[in-house]
Amino acid sequence: MPYIQFLGAAGTVTGSKHLINTTNDSSGKQGFHVLIDCGLFQGQKEWRERNWQDIPMPAREIDAVILTHAHLDHCGWIPRLVKEGFRGPIYATQPTIDLCSVVLPDSGHLQEEDAAFHNKKGTSKHSPALPLYTLEEAQDCLQYFKPVAVEQTKQLSPELSFRYVRAAHILGSCMAEVVLKTDGHVRRLLFTGDLGRVRDDEIAPGKVVHSGPQEGETADVLVMESTYGNRHHPDTDPRPQLASLIRKTTERGGSVIVPAFAVERTQKFLFILKEMMESGDVPRVPVFCDSPMAIKAVEIFMKHSEEYTPQAAQLIRKYGSPVEWPGFTFAQTAEESKKINENSYPSIIVSSSGMVTGGRILHHLAQRLPDPRNLVIFIGFQAPGTRGAIIKDHSARGQAAEVKIFGQFIPIRAQVAAIEQFSDHADPPEMLEWLRTFKNKPRVTYLVHGEPAASSQLRDLLKQELGWNVQVAEYRERVDVD
Ligand SMILES: [Zn+2]
């Protein structure tokens, strides 16, 4: 009997990795073996250490990887899988492959930097500390990627085929519909990857890619994400609040600093900003996009116009590529980045990393946090313990505080705001709306990709509202597909 084994994103939101084995054979000698996603564990040390553990089957025995999208928590372990001997095809949509060609080498570079840092400081129990994989190894794995068009059926073995359908999460993101034909049975498995928001034009404006995941699905087994399982997105339009915050800051001579994830979030924010400047809601101050990866991602976005929402398509028709918008500067080099620091006039700086864990945003915040005229706007989730969370929580408590950047305590005197509507994940009412379009009731639904409280709350909600059989997946748990 075929089975699924959850090798990541169970009890946490990172490390997505689900193994399908078409026979009940864990030796890897028989059957066909597919990994749905191959993501990196991130965040707390307890999770990151799992990146160093072996998977239950030798990497060379895995026949293929089906990738849902280019976020590191879904694709960031691929170079390691290849390093350990995997040589099969890695299926992905073309935009996902293009994004991976930027995101994975960058991840390899960071792994090398981390190892070098630990070796210099002597802070690793391993001597020498080694990177999980290098930039070169990440580049090397790109040769195994194979593009698959959306809604094209791909037969991987006599018993297993799959098809991508839109997930509407980020550029190129898709769900994987897997069809298993074994023992005279046909079973349909649907892996959502990360699910975008449902019909979100008004409440989440500026979305660049497709609005809403594919409706009318059929599945015997559903494996669904649950990141926002216990939270609701605000249902108000964020633009008036955003415009007012930016206007007041520039009027008092301050600058606006926006930490943003390089892929999707930065592009979305730039589109909104452009629209608000053109409509006169926001004054025309210089905008600096200071993230080399975000700039590369803008170029990839421009290549894939088939992915745009009608609003994004209209904006690009009207104003052209963001990298050519007057007043918007894209800082490629470190020198260009440093020059932004010398500006004393009001400006808007969008930079990464989104949770202030590293990257060029550190320079901008170290420079501008002590000045009360400035404003920091968070537009993304801030994981507990990150600098982003420390700065954001300080504003919630309304207390004077400081944050450590480059070994120095920087006082937080700037205004801090958070706008929660920019999420690229569906919340429970949106998930229910989507699940209600299913043509059948899945025999079983497994919830993955959520903190335990989020997954269990969503499980209870789905049971109550839909009467479905819903379970929360556990790490390394094996479930039969009967
Ligand atoms: Zn994602």
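Counting starts at 1 for both ligands and their atoms, following the listed order. Source: prediction; values computed, not measured. Any value given below was found using the heavy atoms of this structure, including those in side chains, with hydrogens, waters and symmetry copies removed.
- Relative orientation of the H425 and H169 rings is tilted, given thresholds of 30° and 60° on the angle between their planes.
- Under the side chain to side chain contact (heavy atoms under 4.5 Å, CB included) rule, F162 has a single partner from K154, Q155, Q152, which is K154.
- The environment of K83 atom NZ is dense: over 12 non-hydrogen atoms of other residues, nucleotides or ligands sit within 6.0 angstrom.
- The Zn ion (ligand 1) has an N, O or S atom of H169 inside 2.8 Å of it.
- F330 and F328 have their aromatic ring centers separated by at least 6.0 angstrom.
- Between T96 and H74 there is no side-chain heavy-atom pair separated by less than 4.5 Å.
- The minimum distance between the Zn ion (ligand 1) and any N, O or S atom of H71 involves atom ND1.
- The Zn ion (ligand 1) sits nearest to atom NE2 when only the N, O or S atoms of H69 are considered.
- Contact annotation: H74 places no N, O or S atom under 2.8 Å from the Zn ion (ligand 1).
- Between the Zn ion (ligand 1) and the N, O or S atoms of D194, the shortest distance is to OD2.
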